[in-house]
Asker: 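One structure, as structure tokens, below. Some questions next.
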Number of protein chains: 2
Amino acid sequence: MTDGPSFEDLTARARIRDAALRLFADKGFVATTVRDIAQAAGVSPALLRHHYGSKDALRQACDDYVLATLRRVSEQVTADHQMANPVVSQSARGAVSRFQLYVTRALLDGSATAATLFDQSVKVTELWLAREDANRAAAPSTDARTRAALIIAMKLGIPLLHEHISRAIGVGVFEPEGDRRVVRALLDIFSHPLIDPELAAATEAGFAEPVDRPAGSPPRGGSPP
Amino acid sequence: MTDGPSFEDLTARARIRDAALRLFADKGFVATTVRDIAQAAGVSPALLRHHYGSKDALRQACDDYVLATLRRVSEQVTADHQMANPVVSQSARGAVSRFQLYVTRALLDGSATAATLFDQSVKVTELWLAREDANRAAAPSTDARTRAALIIAMKLGIPLLHEHISRAIGVGVFEPEGDRRVVRALLDIFSHPLIDPELAAATEAGFAEPVDRPAGSPPRGGSPP
DNA sequence: TCGGGCGCTGTTCGCTTGTATAGTGTGCTG
DNA sequence: CAGCACACTATACAAGCGAACAGCGCCCGA
């Protein structure tokens with residue numbers, strides 16, 4: 001968790017940034033006040049302005065910091081790609097998970113940096129899908145890009161709604177036990193088809209006429225009482 | 001879209017509620033001011049207080065309205081269950097999609113009503129999964145509840161991030177063309193395993209030691225630059 | 001030793017927020 | 001027509017917001 005690269009980082013400026021990262025991720029940008037951040041960082045509210053200029057500039061600094069860290073981690077991972085360095089992958093995993101809540105929340109708060117990260121994730125996944133499609137018996141009837149965007153969006157739905165998932169399964173998804181349950185469930189979900197392929201084909205064939213429905217319901221998953 | 005049951009609903013009180021529903025869904029609760037709602041509804045800000053008492057009470061009224069509407073729609077659907085009434089199912093689909101953005105956003109804003117809807121959706125999906133598990137060759141190694149919670153969370157990730165999905169695929173997911181693309185892609189995703197079952201089993205076996213990772217990455221979907 | 005930069009704070013200023021109060025018109029009922 | 005209830009508005013107010021300014025102490029080089 002605290003395996004970050006910068007250790008001598010207990011300066012007030014860094015504490016402010018870390019507090020902002022946590023509060024922005026938890027409550028969102030607008031619901032977080034500079035006084036909240038200052039108190040969490042143990043400094044005066046005026047110090048935020050002294051170091052970062054404004055609340056928006058602080059948010060941009062957080063975005064830049066997250067982006068730079070993720071980029072550095074990514075370079076390390078690709079560098080030791082097939083060296084299978086367990087230390088690197090472990091710390092990389094920690095860094096990614098540490099910023100996941102922040103980035104996903106930033107997506108809803110209109111952060112341009114987060115949007116760029118989203119687009120890049122979609123692109124990576126699209127390439128992966130295109131590679132995987134070659135191994136399929138029948139060529140998919142949909143474009144890889146839409147599938148990639150949906151996969152990323154659905155994946156990010158997990159950290160976005162982590163609080164509700166934790167309540168539903170009775171254990172925090174960030175605790176070891178909850179994390180194990182989540183990983184196992186995801187492996188099961190994505191290695192076994194939820195919908196019968198024939199039924200899917202039939203359903204797809206029935207969609208000649210356009211209907212306004214934003215998201216399909218995988219099983220029959222409605223939100224009825 | 002505007003197939004709602006209450007038509008004589010152009011009263012100012014209803015306009016305020018509708019404007020609040022839209023703005024809360026778009027910008028979130030805290031980022032929406034009572035003056036915003038009043039302007040969108042074409043009334044004075046003081047009228048919000050007159051009709052609803054306070055901003056929080058207005059939010060509760062919106063929650064209640066959504067809950068009541070969804071419940072009524074659900075009853076209609078279950079009543080004409082195998083009658084296959086196309087009109088009912090069509091309007092039901094519209095009503096659900098109309099409130100989807102509001103409910104999902106309310107989940108992030110800490111609405112108790114939305115949390116209850118989430119839990120109920122999980123329960124319904126859990127029962128559906130348990131029924132489906134009977135047809136599987138090998139019994140799943142994970143509990144249905146965790147899988148259900150993740151499926152619901154991932155499904156809700158789509159409306160939550162609809163803006164970014166639309167940008168990624170180049171067409172709005174609420175337009176007919178975007179909706180068709182989304183439905184087709186979802187059918188493909190959930191009818192074809194993304195992960196090879198053997199690989200999944202191997203990965204799962206390797207998870208003896210607990211590592212702190214909130215969400216697994218389906219393909220290799222990272223967020224690198 | 002001393003002087004100046006710098007990290008940091010106390011206090012204050014507009015401004016916007018949600019809320020409160022007084023008041024106006026309008027239509028319905030007797 | 002009288003009166004009155006009710007939808008609705010204009011204005012005001014206290015609180016909290018982000019932002020600004022002036023100043024304090026401490027370290028560090030000359």
Side-chain angles (χ1 to χ4, degrees), chain A residues 6-65 102 105-106 108-114, chain B residues 6-65 102 105-106 108-114:
Chain A
S6 36
F7 268 82
E8 190 251 44
D9 225 3
L10 2 79
T11 141
R13 182 183 169 95
R15 281 207 314 270
I16 292 171
R17 184 203 348 100
D18 286 352
L21 281 171
R22 194 173 56 81
L23 289 174
F24 287 163
D26 280 0
K27 315 196 301 177
F29 179 73
V30 283
T32 303
T33 70
V34 296
R35 289 167 174 83
D36 287 339
I37 302 172
Q39 188 175 8
V43 299
S44 159
L47 196 61
L48 301 217
R49 171 176 154 73
H50 177 69
H51 276 307
Y52 294 98
S54 72
K55 189 188 174 186
D56 284 273
L58 172 58
R59 189 247 275 266
Q60 188 60 52
C62 288
D63 280 10
D64 294 346
Y65 175 74
Y102 176 80
R105 187 72 191 218
L108 295 174
D109 287 343
S111 156
T113 302
Chain B
S6 36
F7 268 83
E8 191 252 41
D9 224 4
L10 2 78
T11 142
R13 182 184 169 95
R15 282 206 313 271
I16 291 171
R17 183 202 351 95
D18 286 352
L21 281 171
R22 195 173 56 83
L23 289 174
F24 288 163
D26 280 0
K27 314 195 302 176
F29 179 73
V30 283
T32 303
T33 71
V34 295
R35 286 165 176 85
D36 286 339
I37 302 172
Q39 187 175 7
V43 298
S44 158
L47 196 61
L48 300 218
R49 173 177 153 74
H50 176 69
H51 276 307
Y52 294 98
S54 73
K55 189 187 174 187
D56 285 273
L58 171 58
R59 188 246 275 267
Q60 188 59 51
C62 289
D63 280 9
D64 294 346
Y65 175 74
Y102 176 81
R105 187 71 192 218
L108 294 174
D109 287 343
S111 155
T113 302

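Note on naming: letters A, B, ... go to the chains in the order of the sequence lines (proteins, then strands), and numbering restarts at 1 for each one. Quick note: numbers below take in every heavy atom, side chains included, and nothing from hydrogens, waters or symmetry partners.
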Asker: Rounding to a whole Å, what distance do you find between A:Leu47:CG and D:dC21:C1'?
Answerer: 15 Å
Asker: Nearest to the side chain of A:Ser44 - C:dG10, C:dA20, C:dG18?
Answerer: C:dG10
Asker: Could you give the CD-to-P distance, from B:Gln39 to C:dT17, as a whole number of Å?
Answerer: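 In whole Å, C:dT17 P lies 11 Å from B:Gln39 CD.
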Asker: Can you tell me the distance, in whole Å, between the CG atom of A:Leu48 and the P atom of C:dG7?
Answerer: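 It works out to 15 Å between those atoms.
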Asker: Verify side chain to side chain donor-acceptor pair (under 3.5 Å) between B:Asp64 and B:Gln60, making sure each step is shown before the conclusion.
Answerer: CA-CA 6 Å; B:Asp64 294 346; B:Gln60 188 59 51; 3.0 Å; yes
Asker: Rounded to whole Å, please give me the gap between CG in A:Leu58 and P in D:dA19.
Answerer: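 That distance rounds to 10 Å.
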Asker: C:dG18 P sits how many Å from B:Tyr52 OH, rounded?
Answerer: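 Going from B:Tyr52 (OH) to C:dG18 (P), I get 16 Å.
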Asker: Regarding B:Arg105 and the six-membered ring of B:Phe29, is the cationic atom NZ or CZ under 6.0 Å from the ring centre and inside 45° of its axis?
Answerer: no
Asker: Given atom NE2 of B:His51 and atom P of D:dA5, what is their separation to the nearest angstrom?
Answerer: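 It works out to 18 Å between those atoms.
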Asker: Could you state the atom-to-atom distance from CZ of A:Arg59 to P of D:dG18 in whole Å?
Answerer: 13 Å
Asker: When you check the phosphate oxygens OP1 and OP2 of D:dA7, does a side-chain N or O of B:His50 lie under 4.0 Å from one of them?
Answerer: yes
Asker: Base, sugar-phosphate alone, or nothing: which one does A:Arg35 contact when heavy atoms must sit under 4.0 Å apart?
Answerer: base
Asker: The side chain of B:Ala46 is closest to which nucleotide in this list: D:dA10, C:dT19, D:dG18?
Answerer: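 Of the candidates, D:dA10 comes closest.
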Asker: Name the closest nucleotide to the B:Ala12 side chain, picking from D:dC21, D:dC8, C:dT19.
Answerer: D:dC8
Asker: Tell me: CZ of A:Arg49 to P of D:dG18, nearest whole Å?
Answerer: 14 Å
Asker: Quick one: pull up CG in B:Asp36 and CG in B:Asp26 and give me the separation to the nearest 0.5 Å.
Answerer: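 One gets 11.0 Å once the value is rounded to the nearest 0.5 Å.
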Asker: Would you check if B:Asp109 and B:Val30 make a side-chain contact, meaning some heavy-atom pair closer than 4.5 Å?
Answerer: no
